Amino acid sequence: MKNLKDKFYFIATIALFFTSCNSQMPADQNLMPTPTVSTFAKGADVGWLPQMEATGYKFYNTDGSQKDCLQLLKDRGINTIRLRVWVNPSNDKASGHCSKEETVVMAVRAKKLGMRIMIDFHYSDTWADPAKQAKPAAWANHSFSELLNDVYNHTFDVLSALKTAGVTPEWVQVGNEIAGGMLWPEGNTSNWSQLAQLLNKGYDATKTINPNIKVIVHVDEGNNNAKFRWFFDNAKANNVKYDVIGLSYYPYWIKKDYKETVADLEFNLKDMASRYNKEVMVVEVGGEYDKVQNTFDMLVATIKAVKNVPNNKGLGVIYWEPQGEKSWSGYSLSAWQSDGKPSMALDAFKE
């Protein structure tokens with residue numbers, strides 16, 4: 001609000017004038033608080049971390065000393081933690097956990113380290129991605145109107161639990177990699193009207209908790225502009241409510257080196273920001289754990305691409321499960337070494 005801003009600076013000027021006239025105080029002492037400046041989000045999705053610790057996995061600094069994983073990430077410039085949420089997950093090591101209760105514990109822990117928080121709702125009991133968007137077992141026989149209530153109530157319930165624990169996330173993802181929709185078959189993109197209603201229920205529940213939380217809609221293959229235009233043109237036509245376009249970027253999965261696709265990623269980021277007047281964010285990225293230099297270079301290039309989006313609409317980059325070391329997870333795109341130490345690739349997040 002312009003008048004309020006002018007008033008702020010007028011008061012600041014008067015305060016500074018009287019300060020300079022006071023022989024007891026230095027003339028240049030700033031009595032006004034430093035304005036908050038939004039910072040680039042450098043993040044890690046660490047949904048596996050509680051299970052890793054529960055199974056006895058130990059994390060070490062480069063000097064060989066044992067250290068908390070979140071602190072190790074923070075030491076490498078990570079300022080944001082992304083946490084997935086499943087409705088009624090199993091206890092499976094690789095494909096379970098991530099319940100509401102576990103998410104709250106992790107979010108509180110991350111907040112205590114000064115981390116920013118993103119919550120990623122899958123609306124499933126396990127992985128939701130482009131190949132699968134299975135409804136939670138408890139919702140399997142629900143009508144579409146009941147599914148709308150399910151999405152609202154689940155979103156509200158998790159965010160309420162977080163709020164009670166003292167955590168209000170900065171971002172909330174309504175769905176995970178939903179290029180084909182979510183909660184199949186009802187929320188498939190073959191029925192955009194229904195998908196839009198489901199997404200808007202997640203948005204409404206989030207904004208009821210706190211209107212300042214930014215809602216993300218997330219699609220995979222961030223270098224594929226045609227895919228994104230198709231999806232978000234349909235979202236616009238169906239009045240989907242959201243604040244941020246989230247992208248995944250995995251050169252490995254499209255079997256191309258990042259050098260072949262990062263320019264396409266940057267083009268798409270800029271196009272999304274301008275075409276839909278939205279902020280954009282790479283909410284998942286990953287490189288091969290045993291190609292450290294290549295992964296480092298890919299991260300540097302990805303961060304640069306997001307920062308190159310005009311008008312500060314590029315919000316950040318989040319590595320997916322960097323701590324998910326392969327001997328524990330079987331996952332080849334972590335950024336951790338077999339000795340329990342972080343890969344040098346993560347140094348790309350340092351200032």
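Model, not experiment: these values are computed from the prediction.
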All heavy atoms of R76 vs all of D347, minimum pair found to be CG-OD1, 3.9 Å
Classify the angle between the aromatic ring planes of F121 and H154 as parallel (below 30°), tilted (30 to 60°) or perpendicular (above 60°). perpendicular
Dump the intermediate steps for ring-ring contact (aromatic ring centres under 6.0 Å, His included) on Y252 and Y289, then the final yes or no. CA-CA 11 Å; Y252 176 84; Y289 80 100; over 10 Å; no
Identified salt bridge (Lys or Arg N to Asp or Glu O under 4.0 Å) counterpart of D243 within the set K207, K313, K278: K207
Can you check whether R84's main-chain N or O pairs, donor with acceptor, with D45's side chain at less than 3.5 Å? no
side-chain hydrogen bond (donor to acceptor under 3.5 Å, both in side chains) for T55 and W328? Distances and angles first, verdict last. CA-CA 9 Å; T55 56; W328 185 91; 2.7 Å; yes
Pair D297 + K259, salt bridge at N-O below 4.0 Å: no
Does F228 belong to the same Ile/Leu/Val/Met/Phe/Trp/Tyr cluster as I318, with side-chain heavy atoms less than 4.5 Å apart forming each link? no
K135/D150 ion pair, N-O < 4.0 Å: no
Listing request: all ring pair (Phe, Tyr, Trp, His ring centres under 6.0 Å) pairs with a residue in residues 68-107, at least two apart in sequence or in separate chains. W86-H122, W86-W127
Which residues satisfy the salt bridge (charged side-chain N to carboxylate O under 4.0 Å, His left out) test with R275, sequence neighbours excluded? D233
Ring geometry between W230 and W192 (parallel below 30°, tilted from 30 to 60°, perpendicular above 60°): perpendicular
Just so I know, are the side chains of Q323 and W48 near enough to count as touching, which here means a heavy-atom distance under 4.5 Å? yes
Does atom NZ (K236) have a neighbourhood of more than 12 heavy atoms from anything else shown, all under 6.0 Å? no
Determine, for R109 against D68, whether the closest basic-nitrogen to carboxylate-oxygen distance falls under 4.0 angstrom. yes
Once rounded to the nearest 0.5 Å, what's the spacing between atom CZ of F144 and atom CG of N149? 10.5 Å
Check the pair S248, E177 against side-chain hydrogen bond (donor to acceptor under 3.5 Å, both in side chains), reporting the backbone distance first and the verdict last. CA-CA 8 Å; S248 292; E177 293 190 325; 2.7 Å; yes
Evaluate W171 against L315 for side-chain contact (heavy atoms from CB on, under 4.5 Å), listing each step before the verdict. CA-CA 11 Å; W171 307 274; L315 300 185; 4.0 Å; yes
Answer with yes or no whether the hydrophobic clustering places I216 together with F231; edges join I, L, V, M, F, W, Y residues whose side-chain heavy atoms lie under 4.5 Å apart. no
Joint cluster assignment, W139 & V158, ILVMFWY side-chain distance < 4.5 Å: yes
Any residue meeting salt bridge (charged side-chain N to carboxylate O under 4.0 Å, His left out) with E284, in chain and number order, not counting sequence neighbours: R82
Are any side-chain N or O atoms of N188 and backbone N or O atoms of Q194, one a donor and one an acceptor, separated by less than 3.5 Å? no
From the options L147, N176, V174, select the one residue that forms a side chain to side chain contact (heavy atoms under 4.5 Å, CB included) with Y123. V174
Over 60° means perpendicular and under 30° means parallel, so classify the ring planes of F232 and Y276, tilted if in between. tilted
Does the side chain of W336 come within less than 4.5 Å of P342's, by heavy atoms? yes
Would you find more than 12 non-hydrogen atoms of other residues, nucleotides or ligands less than 6.0 Å from D92 atom CG? yes
Taking the side chain from D339 and the backbone from K341, do they hold a donor-acceptor pair closer than 3.5 Å? yes
Intermediate values then yes/no, side-chain hydrogen bond (donor to acceptor under 3.5 Å, both in side chains), Y57 and S327: CA-CA 10 Å; Y57 192 92; S327 71; 5.2 Å; no
Worked check of ring-ring contact (aromatic ring centres under 6.0 Å, His included) between W320 and Y331: CA-CA 11 Å; W320 196 85; Y331 182 59; 5.1 Å; yes
Rounded to the nearest 0.5 Å, what's the gap from CD1 on I117 to CG on L162? Could you check? 8.5 Å
